[in-house]
Number of protein chains: 2
Amino acid sequence: MREKLESYFGFVFEKELLDEIELLGTYKKLRENELLVDLGDKMKGVPLLLEGAIKIVREDKNGEEILLYFLERGDTCASSFASAISNGKCGIRAIAEKESEIIFLPKEKLDDWLVKYKTWRNFVIDSYNIRLNEMMETIDTLAFMRMDERLYKYLRDRAQIMRETSLNTTHQEIAYDMHTSRVVVSRLLKQLENEKKVKLHRNRIEILEF
Amino acid sequence: MREKLESYFGFVFEKELLDEIELLGTYKKLRENELLVDLGDKMKGVPLLLEGAIKIVREDKNGEEILLYFLERGDTCASSFASAISNGKCGIRAIAEKESEIIFLPKEKLDDWLVKYKTWRNFVIDSYNIRLNEMMETIDTLAFMRMDERLYKYLRDRAQIMRETSLNTTHQEIAYDMHTSRVVVSRLLKQLENEKKVKLHRNRIEILEF
DNA sequence: GATGTTTTGTAACAAATGTTACTAAACATT
DNA sequence: AATGTTTAGTAACATTTGTTACAAAACATC
């Protein structure tokens with residue numbers, strides 16, 4: 001654990017903070033598709049992502065879903081931070097997109113560290129900023145792009161997160177993430193295939209052009 | 001200034017912090033429609049909103065706009081905070097929706113205060129959380145609602161911010177905020193009028209049902 | 001290989017949103 | 001009063017997105 005901590009956070013946090021994190025944090029491994037945070041959960045701490053990728057999804061009262069963004073190694077979940085420190089509920093769902101490793105930091109220390117460590121303050125503020133910017137990008141996508149562009153962007157983003165040029169997924173799964181219907185996804189994927197941007201297989205989409 | 005500061009922030013900040021804010025902050029009055037922050041600005045500080053309402057708008061590279069949310073008294077602009085503390089650029093535009101009063105806090109003190117004042121830490125974290133939640137609400141609106149519902153929500157939200165039951169605005173202005181066309185807005189407004197939810201006048205929309 | 005299940009393809013249609021074009025009303029200016 | 005400008009109303013049509021229905025292909029299981 002210390003090794004991975006050093007390798008992704010060694011240049012972010014000062015030594016004393018790394019020591020505290022090692023002492024107080026709990027390491028956890030997540031299987032693919034494992035649920036990390038569910039809607040309405042009260043967080044007892046915040047996760048630092050050491051390895052893997054986490055999908056963050058928003059769900060409204062009618063159970064309708066939409067993908068917000070992905071977390072990568074080095075990231076933390078700003079929404080959990082919010083929930084942990086204020087004892088409030090979390091408005092999102094977090095699912096491991098692939099096998100991942102996290103360190104769970106207990107909420108009791110979050111505020112102490114803000115006082116003690118400048119690097120922690122920077123990290124927290126940066127995390128919030130990154131997340132605000134991701135949200136804005138999501139809003140741009142929803143407000144300004146048509147479904148075909150959104151789909152292509154979705155495929156590229158997801159491939160990038162997975163560090164693959166092929167995605168193992170179904171049209172239905174994409175439809176859930178994008179909050180549209182499977183038929184629409186199939187139609188637009190076929191269109192992208194005709195434009196030679198992707199190649200379609202069963203349970204797999206190959207991205208030809210980034 | 002001290003009076004207004006006390007009345008909106010007296011229960012939020014401790015006395016020493018209020019003293020510092022009074023000493024180091026600069027008071028500013030904004031006319032209606034005055035531009036407070038523009039896209040790409042580097043912020044020299046963050047505004048605390050004492051009075052009035054500020055409209056926060058997102059613009060993409062093609063100059064297309066969409067309303068993100070409103071700030072009310074007691075709020076601050078999380079996006080400016082981000083920009084100020086990291087010396088980065090601001091990704092939004094902020095315009096006074098009505099005559100407003102703000103205190104501008106110099107960016108040099110933002111980090112110091114995080115160490116010195118627990119109330120400041122809480123305020124900053126709360127502000128980020130509120131903003132993240134607003135962004136999620138905006139995303140919900142874009143992803144899950146049809147244009148007619150979005151329009152009705154827009155009217156109610158804006159009226160609430162203005163503390164009025166009538167809005168002085170044009171169909172074109174609404175279209176800009178919602179990133180649609182004037183014709184669509186006129187059509188849907190007429191529909192809302194038929195449903196007795198609003199009453200239309202020239203340059204004014206009366207909201208009959210909240 | 002027969003059977004059932006999951007995934008994909010596609011047509012036909014419906015609904016929502018966007019666009020163009022024109023008109024009329026309200027208001028302002030001279 | 002005549003004129004121009006801004007704002008709003010509406011029809012007709014185009015495009016985008018969503019829905020329903022069905023068939024075929026790929027795969028899994030027996």
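No experiment lies behind these values; they were computed from the predicted model shown.
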Any pair counted as side chain to side chain donor-acceptor pair (under 3.5 Å), so long as it reaches residues 135-146 of chain A, sequence neighbours left out: A/E137-A/K153, A/D140-B/R58, A/R146-A/D148
Strand contacts (DNA chain C) in residues 203-210 of chain B, 4.0 angstrom heavy-atom criterion: none
Parallel, tilted or perpendicular: ring planes of B/F9 versus B/F123, cut at 30 and 60 degrees: perpendicular
With sequence neighbours excluded, residues passing side-chain hydrogen bond (donor to acceptor under 3.5 Å, both in side chains) with B/Y176: none
Short N-O contact, B/R204 and B/E164, less than 4.0 angstrom: no
5' to 3' contact window, DNA chain D with chain B (heavy-atom distance under 4.0 Å): D/dT6 to D/dA12
Only distances under 3.5 Å count here; give the side-chain donor-acceptor pairs of residues 21-29 of chain B to other protein atoms, sequence neighbours excluded, each with its distance to 0.1 Å.
from  : atom 1 : to     : atom 2 : distance (Å)
B/E22 : OE1    : B/R2   : NH1    : 2.7
B/Y27 : OH     : B/E101 : OE1    : 2.6

Terminal axes of the helix from C/dG1-D/dC30 to C/dT30-D/dA1 (five pairs each): angle between them, nearest 10 degrees: 30°
Integer-rounded Å distance: C/dT17 C1' and B/L142 CG: 14 Å
Atom-pair distance (CG on A/L167; P on C/dT8), nearest Å: 12 Å
CD on A/E59 to NE2 on A/H179, rounded to 0.5 Å: 10.0 Å
Any donor-acceptor N or O pair under 3.5 Å, side chains A/T169, A/R158: yes
Sugar-phosphate only, base, or nothing, as touched by B/R146 at under 4.0 Å among non-hydrogen atoms: sugar-phosphate
Of all pairs that satisfy salt bridge (Lys or Arg N to Asp or Glu O under 4.0 Å), the ones with a partner from residues 174-188 of chain A, not counting sequence neighbours: A/K55-A/D177
Listed partners of A/N33 passing side-chain hydrogen bond (donor to acceptor under 3.5 Å, both in side chains), at least two apart: none
Whether B/Y128 and A/Y128 hold their rings parallel, tilted or perpendicular, with breakpoints at 30° and 60°: parallel
side-chain hydrogen bond (donor to acceptor under 3.5 Å, both in side chains) partners for A/Q172, two or more places apart: none
Listed partners of B/E108 passing side-chain hydrogen bond (donor to acceptor under 3.5 Å, both in side chains), at least two apart: none
Strand contacts (DNA chain D) in residues 175-191 of chain A, 4.0 angstrom heavy-atom criterion: A/T180, A/S181, A/V183, A/V184, A/R187
Residue pairs fulfilling salt bridge (Lys or Arg N to Asp or Glu O under 4.0 Å) with at least one residue in residues 37-47 of chain B, sequence neighbours excluded: B/D38-B/R93
Whole angstrom value for the distance that separates P of C/dC27 from CZ of B/R202: 6 Å
